[in-house]
Asker: 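I'd like to ask you about the structure that follows.
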There are 2 protein chains.
Amino acid sequence: MKRNSFISREQDYALRMTAYLAALPKGEFINVPTLAQRLFISQKFASRIIHKLKKAKITDSIQGKYGGVFLKADPKKLSLYDVLNTIGFKVKFNDCLKKEFKCELKFGCKFHAFWVNEEEILINKLKKEKISDYLLKEKHN
Amino acid sequence: MKRNSFISREQDYALRMTAYLAALPKGEFINVPTLAQRLFISQKFASRIIHKLKKAKITDSIQGKYGGVFLKADPKKLSLYDVLNTIGFKVKFNDCLKKEFKCELKFGCKFHAFWVNEEEILINKLKKEKISDYLLKEKHN
DNA sequence: TTTAAACATTACCTAAAAGGTTATGTTTAA
DNA sequence: TTAAACATAACCTTTTAGGTAATGTTTAAA
């Protein structure tokens, strides 16, 4: 599978995991192997992502046997942007929007403004959308 | 420089070249080495991009010594999307929007709908914006 | 106090894509 | 005939995505 998406698998997995944890009843937690299996993520990869989320204080964990992880942040305040950002989200529609980029074009380039604008629109939406509106719950069959 | 932008350098260069050619007076053309130099693109890379644009009938060329290239399409009808598409633009906000992707999640995943929606919004804008509104003209000093 | 099974953390690996360059044509005006 | 353009495919190198491997540390329960 070609990997040229706007968000990476890792970022997608982070959203899934956060949304799953947010749907757990209050006080409950789940261990990473089980969580990974439910969301079709490899255990080790899931573990590394959870670690990043913990460092960002989005999740927290209980160590030791019978330990597990749970959501620490308030899902009603936690935005998609917050989660993606934790996993190294760098929205750049075009290289010319990066700080270190030096555009050599002497003439006015209107493309630049277009990308700046579109990027801002998307970022604002990602900041507006909260995890509480994206809960992942298993269906009861 | 890290290369994790939404559009690639090659796609960016294609837009630049198209916008430059669109600004040429009617009937004029320019050779690729000169065009590449004006837009800070390597000659060979520019040549390959121009070739793709020609195959898509966006540009045309005059061969032989003193030959050159020019815009064939109507810049008022030529969209940013048309140009990007020629250079292999595959907008996919997330892998799960790809045809060949099979989402394993059994429960309703609202993230999917979010990406579908945002992607559609951006594509529609790229289709709406025409090259004629993005002309690249050198400033006269 | 031992041990199973969880979390914690870093180092490493591999395929593929980006971003080109090289090479070798073919065409045409002078 | 030749210089200088366009035409086109093949090749190359660096970086990144997307993991896996390895080795801890912690804690509940036997």
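Being a predicted model, the structure only gives us computed values, none of them experimental. Each chain gets a letter, A, B and so on, in the order its sequence line appears, and its residues count up from 1.
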Asker: Has the side chain of B:Asn85 got a donor or acceptor atom that lies under 3.5 Å from a matching backbone atom of B:Tyr81?
Answerer: no

Asker: Expressed as a whole number of angstroms, how long is the span from A:Lys52:NZ to C:dT10:P?
Answerer: 12 Å

Asker: Do A:Thr18 side-chain atoms and A:Ala14 backbone N/O form a donor-acceptor pair below 3.5 Å?
Answerer: yes

Asker: Can you measure B:Gln43 atom CD to D:dA4 atom C1' for me and round it to whole angstrom units?
Answerer: 10 Å

Asker: Rounded to the nearest angstrom, tell me the gap between atom CD1 in A:Ile41 and atom P in D:dG19.
Answerer: 9 Å

Asker: To the side chain of A:Arg48, which of C:dA11, C:dC7, C:dG19 is closest?
Answerer: C:dA11

Asker: Considering just the side-chain nitrogens and oxygens of A:Lys54, establish if one lies under 4.0 Å of OP1 or OP2 belonging to C:dC7.
Answerer: no

Asker: CD1 of B:Ile62 versus P of D:dA7: gap in Å, rounded?
Answerer: 11 Å

Asker: If you check every side-chain atom of B:Asn31, which of C:dA8, D:dA5, D:dG19 has the closest atom?
Answerer: D:dA5

Asker: Between A:Phe29 (CZ) and C:dA5 (P), how many Å, whole number?
Answerer: 16 Å

Asker: Considering only heavy atoms, which members of residues 11-24 of chain B lie under 4.0 Å from some atom of DNA chain D?
Answerer: none

Asker: Is the ring centre of B:Phe111 less than 6.0 Å from the ring centre of B:Phe93?
Answerer: no

Asker: Expressed in angstrom and rounded to an integer, what is the separation of A:Phe101 atom CZ from C:dG19 atom P?
Answerer: 11 Å

Asker: Check every atom of D:dC6, C:dG20, C:dA5 against the side chain of B:Ser61 and return the nucleotide holding the closest atom.
Answerer: D:dC6

Asker: Can any side-chain N or O of B:Gln11 pair as donor or acceptor with the backbone N or O of B:Ser8 at less than 3.5 Å?
Answerer: yes

Asker: Would you kindly say whether A:Ser5 and B:Asn94 are connected by a side-chain donor-acceptor distance under 3.5 Å?
Answerer: no

Asker: Of A:Ser42 and A:Lys65, whose closest DNA chain D nucleotide lies nearer the 5' terminus?
Answerer: A:Ser42

Asker: Please tell me which of the listed nucleotides, C:dA29, D:dC6, C:dG19, lies nearest to the side chain of A:Asp95?
Answerer: C:dG19

Asker: Counting side-chain heavy atoms from C-beta on, which of D:dT27, C:dT27, D:dG18 comes nearest to B:Gln63?
Answerer: C:dT27

Asker: Taking A:Asp82 for the side chain and A:Ser79 for the main chain, is one N or O donor matched with an acceptor at less than 3.5 Å?
Answerer: yes

Asker: Does any nucleotide pair with C:dA17 by Watson-Crick or G-U wobble geometry, both distances under 3.5 Å, and what is it?
Answerer: D:dT14

Asker: Using heavy atoms to find the nearest nucleotide of DNA chain D for A:Gly64 and A:Glu10 separately, return the residue whose nucleotide is more 5′.
Answerer: A:Glu10

Asker: Using whole Å, what does the distance between atom P of nucleotide C:dC7 and atom CZ of A:Phe45 come to?
Answerer: 17 Å

Asker: In the structure shown, which nucleotide is the Watson-Crick or G-U wobble counterpart of C:dT22, with both distances under 3.5 Å?
Answerer: D:dA9

Asker: Given D:dC6, C:dC7, C:dA5, identify the nucleotide with an atom nearest to the side chain of B:Val32.
Answerer: D:dC6

Asker: In whole angstroms, how far is the P atom of D:dA28 from the OH atom of A:Tyr66?
Answerer: 11 Å

Asker: For B:Lys52 and B:Thr86, test the side chains for any donor-to-acceptor distance below 3.5 angstrom and give the result as yes or no.
Answerer: no

Asker: Using modelled atom types only, decide if a donor and an acceptor are shared between the side chain of A:Asn117 and the backbone of A:Ala113 within a distance under 3.5 Å.
Answerer: no

Asker: Whether A:Lys44 contacts D:dG19 is assessed here as follows: a side-chain N or O lying under 4.0 Å from the phosphate OP1 or OP2. Is that the case?
Answerer: no

